[in-house]
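For ligands, and for the atoms within them, numbers begin at 1 and follow the listed sequence. Values below: every heavy atom of this structure, side chains too, minus hydrogens, waters and symmetry copies. What you see is a predicted model; the values in this text were computed from it and never measured.
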Amino acid sequence: MWSRNLVQETARPKWKVADQRTKLPACPNATTRHGLSSYTFGSKILRCPAAYRPLEKVVNGQSRLEQPTQRRASGYHGRHEEASPVRPHIVTVIRPCGEHNLRKISLLLNRRAVQTYELLMADVSEALGFPCWHSGRVRRLFSPAGQEIHSLSEFFHFSNAFLAFGISRPSISEVQAALQELYPDNPSYCDSLLRLWERILKPKAAKTDSGFHDDVPKDDSVTIQPKANHLQPFRTQVRPKDRGRRERQRGERDNREDRRAHQSQAKEERRTDKKNEPVYCLSCRGAGPPIPPIVNKKSAKLELNNNESNTPLSQDDIMKNLSQIKNDPNTLQNKILILGAQEEPPVEEDMAKTEMVEQKDLWERLPPDGLHVSLEEIQHCYDIGGVVGDGNFAVVYECRVRGCTQKFAMKMVDKAKLQGRGHMIQNEIALLRSLAHPRLVQLLCSHHTDTHVYLLMELVAGGDLFDAIAKCGKFSEPCSARMIRDISQALEYIHNKSIAHRDIKPENLLVQLHSDGSINLKLADFGLAMVVTEPVFTVCGTPTYVAPEILAETGYGIAVDVWAMGVILFVLLSGFPPFRSPERNQEELFHLIQKGEVHFLSPYWDHVSEGAKALISALLKVNPSVRLTASQTLQNSWLLHAAAQSDQEEVPENSNIIINRKDTLRSGCRKRGIWGNQPKLDIKTEVAQVAQSEENREESTNKYREANRNNTDMQTPERPLQVREINKNSHMLEVSVLVQKADKPE
Ligand SMILES: Nc1ncnc2c1ncn2[C@@H]1O[C@H](COP(=O)(O)OP(=O)(O)OP(=O)(O)O)[C@@H](O)[C@H]1O
């Protein structure tokens, strides 16, 4: 059993899902399973044949409820009964979307972390690609034999496979396709299940509402609130008493259309705005004082120097100055001044001073920090600009305090999306308030309205490391060393406070661009961070970066962050992660992580120094007690040497670090954490295939260096990646993205 007092959990673990969208051919067959991945739990799936046997091997008829519970003979996993409903549990969910499309996911579920059935449904839906606001979101779950699931206990006892449906009635062929996907090797079992479904789906003029609506288009493009009255046969006709509701919904739809029209009009007007004018929401424009022109990012620097000199000060010096002139550097005003000082473009001094006076007054007009405010107050105080990033729970916008010239990031968290995970954002706010370090994204203040939580943060304008890797493919040793130094500094700081971030990954590392073209990383997203005082057992994180001790459930601590940093260093230098499953099978991936064997494959690693490889090996030690710490990493000789080299290097003007975020944002591949650029495990074949292109790249690299020396414009060849869209023509599926090794350098 889980030891309750050992679980020091403050944040609900995230369920991370591999990409699982499949387009079935007209006649589904075994090949349709290609590319699907499952969430499994290391080698444990292999050790528990009764409860977790692979879906394909399920034999006729019995659900898990009917199967006798088998005790495992070995007792290998002491803390759970293998069939215990509280044990981490792997389930597969299939959502038919039309006759030839379906979406399939496999999830590793930690029963203890699931709080309500509604939350479970929302998470499953989100994992399938239907967020809670989406009309196609999952409304009903069924076992393969057609029993509807109504509660958490049913969900965790019933089956390890489910069919998910939206509001519209599924057709028998959709169900058939889903069953064939679940049990491709067992057609007779599929047939017997299908007979049950035929009975369930048979249209009857029943008196009760089945919860499915036959008048809804199959593509779920219309939002209709579900009416769940379960265990009833599906109904073909709409009850008269539903009409009022439908009309209301139609009214809502009209409103939405109005809103959309308004938005597109606003967009159009923005487009015609003068070049260089900041883009702000037109609807908010009238609400506050007029926006002064964008000037004087240097102003804060001058003021903070206390007019003693015009030379830029480091942030540390500014902090010192601030405390000397009796100001508390942790006040909101000074945090913002300090951040302002980090921005570069020089402007006229006088204007700068005037602006500073304005800015100082402005902070008093901000809504109270940490308190509940109205939307009007938010609109009155802030100008919200364009989107700079989005995550599972939040959208981050560029913003300004009205009347102030400095740009910030406003992270808006939709409370509806949190669904019982409100403590995650509270946790993030509480931790960020207690932290202040140049390698961490700074929280300035927070507000909440009835519907949203607003976090005013330092704006880190260079995108995140995920996008940078997707753009550049891989990085030089000096550049990688510099980034790892930044991450280590951030980790050293939080680990000294016993805080584990628990979600170190490129998406959470923001790229700060300096005027000289150099970059630094800043650590963001503390949603899973926690103070670790004793071993933690909660399974969370992102598969590629998850540490073996998390998977082993032996208790973990801050060392999990260092493991993830080791994975990142590997990715930075090679462009693909150290532990990969060619079939995107999480079971295999977790097995490899727990084995912890790192292979530096030729030719990818041939040109990487032994020092870099040694550091990776020292960071990716399976045993956390012999793994390097963040402080030790900072003392590593390769890191010191290579990072110093990077500090001295001139950054080429055509450095490719500034990336077009649209590709990755739109595709959603960053959300799903896809590493499409991983080489297949059959490396011999691959080596043969890429040998030629490697030669080409070598040649091209030389040309690039030459071009740099001559200062001519040329794109970096160090971009072995191409973004390729698949399923482009299917309106049912969102665009999936594969990042592939290019045959030739660009
Ligand atoms: N201060 C910032 N400045 C610029 N961009 C930011 C900032 N904070 C976040 N972003 C961008 O927004 C994205 C989403 O932010 P964040 O990771 O905090 O959201 P989330 O919903 O909590 O994420 P997750 O899905 O990991 O829980 C980031 O990946 C990053 O690209």
Side-chain angles (χ1 to χ4, degrees), residues 11-17 123 126-127 131-132 335-336 339 342-343 384-400 406-419 421-429 431-432 435 437-446 452-471 490 501-513 519-529 540-545 564 657-674:
R12 189 175 170 277
K14 291 176 182 182
W15 299 347
K16 298 287 177 177
V17 186
D123 282 336
E126 180 120 17
C132 58
K335 276 180 184 173
I336 294 170
L339 294 174
Q342 292 172 9
E343 299 197 15
I384 309 292
V387 175
V388 290
D390 67 351
N392 288 312
F393 306 107
V395 182
V396 181
Y397 297 86
E398 190 178 293
C399 95
R400 286 187 190 174
Q406 200 173 322
K407 288 180 188 170
F408 301 100
M410 180 67 90
K411 178 167 170 174
M412 287 189 200
V413 185
D414 186 349
K415 286 184 182 173
K417 279 193 186 176
L418 291 174
Q419 307 215 0
R421 276 168 283 192
H423 60 280
M424 270 178 75
I425 190 72
Q426 295 310 331
N427 178 51
E428 180 170 3
I429 293 172
L431 279 175
L432 278 175
L435 302 172
H437 190 272
R439 298 287 154 260
L440 304 184
V441 173
Q442 182 78 61
L443 172 71
L444 301 164
C445 63
S446 67
H452 286 81
V453 180
Y454 295 84
L455 306 188
L456 183 69
M457 305 170 89
E458 162 190 9
L459 176 68
V460 188
D464 61 40
L465 186 57
F466 184 97
D467 294 340
I469 296 169
K471 182 81 175 174
H501 184 278
R502 301 201 300 170
D503 204 11
I504 298 289
K505 58 180 178 180
E507 293 92 318
N508 291 335
L509 290 158
L510 305 183
V511 179
Q512 185 184 26
L513 300 164
I519 61 158
N520 278 113
L521 296 184
K522 283 182 178 255
L523 183 56
D525 194 358
F526 280 69
L528 282 184
C540 68
T542 303
T544 304
Y545 306 92
I657 195 77
I658 304 172
I659 39 91
N660 174 8
R661 298 176 51 71
K662 276 187 197 154
D663 294 344
T664 48
L665 280 179
R666 213 184 297 130
S667 69
C669 70
R670 61 202 311 286
K671 269 196 203 167
R672 298 193 289 271
I674 295 171

A side-chain contact here means heavy atoms from C-beta on lying under 4.5 Å apart; do V396 and D390 qualify?
no

N/O of V460 under 3.5 Å from N/O of ligand 1, yes or no?
yes

For ligand 1, which atoms have a heavy atom of K411 less than 4.0 angstrom away?
16 (P), 18 (O), 19 (O), 22 (O)

Side-chain (H437) to main-chain (R439) donor-acceptor, under 3.5 angstrom
yes

When only distance counts, is A461 in polar contact with ligand 1, meaning an N/O pair under 3.5 Å?
no

Are L432 and M457 close enough that some pair of their side-chain heavy atoms sits under 4.5 Å apart?
yes

So do I504 and N508 actually touch side chain to side chain, heavy atoms under 4.5 Å?
no

Near G389, which atoms of ligand 1 are under 4.0 Å from a heavy atom of that residue?
11 (C), 12 (O), 13 (C)

Counterpart residues, side-chain contact (heavy atoms from CB on, under 4.5 Å), relative to V453 (two or more places apart)
V413, K415, I425, I429, H448, L455

How far apart are the closest heavy atoms of V460 and K522, and which atoms are they?
CG2-CD, 3.8 Å

Near V441 (heavy-atom distance under 4.0 Å), the atoms of ligand 1 are 1 (N)

Could you tell me whether L510 approaches ligand 1 through its side chain, its backbone, both or neither, with non-hydrogen atoms closer than 4.0 Å?
side chain

Under 3.5 Å between any N/O of E428 and any N/O of ligand 1: does that happen in this structure?
no

Considering only heavy atoms of A409, which atoms of ligand 1 have at least one such atom less than 4.0 Å away?
1 (N), 2 (C), 3 (N)

E458-ligand 1 polar pair, N/O distance under 3.5 Å:
yes

With respect to D525, determine whether any N or O atom, backbone or side chain, lies less than 3.5 Å from an N or O atom of ligand 1.
yes

Looking only at non-hydrogen atoms, find the nearest pair between K505 and T542 and report the distance.
NZ-OG1, 3.3 Å

Ignoring hydrogens and geometry, is there a side-chain-to-backbone donor-acceptor pair from D503 to D525 under 3.5 Å?
no

Residues P506 and Y545: closest non-hydrogen pair is CD-OH, 3.0 Å

Counting heavy atoms only, which of V395, D503, D390 comes nearest to atom 13 (C) of ligand 1?
D390

When only distance counts, is L459 in polar contact with ligand 1, meaning an N/O pair under 3.5 Å?
no

Distance filter under 4.0 Å to F393 heavy atoms, resulting ligand 1 atoms
21 (O), 27 (O)

With atoms numbered from 1 as shown, which atoms in ligand 1 lie under 4.0 angstrom from a non-hydrogen atom of E507?
28 (C), 29 (O)

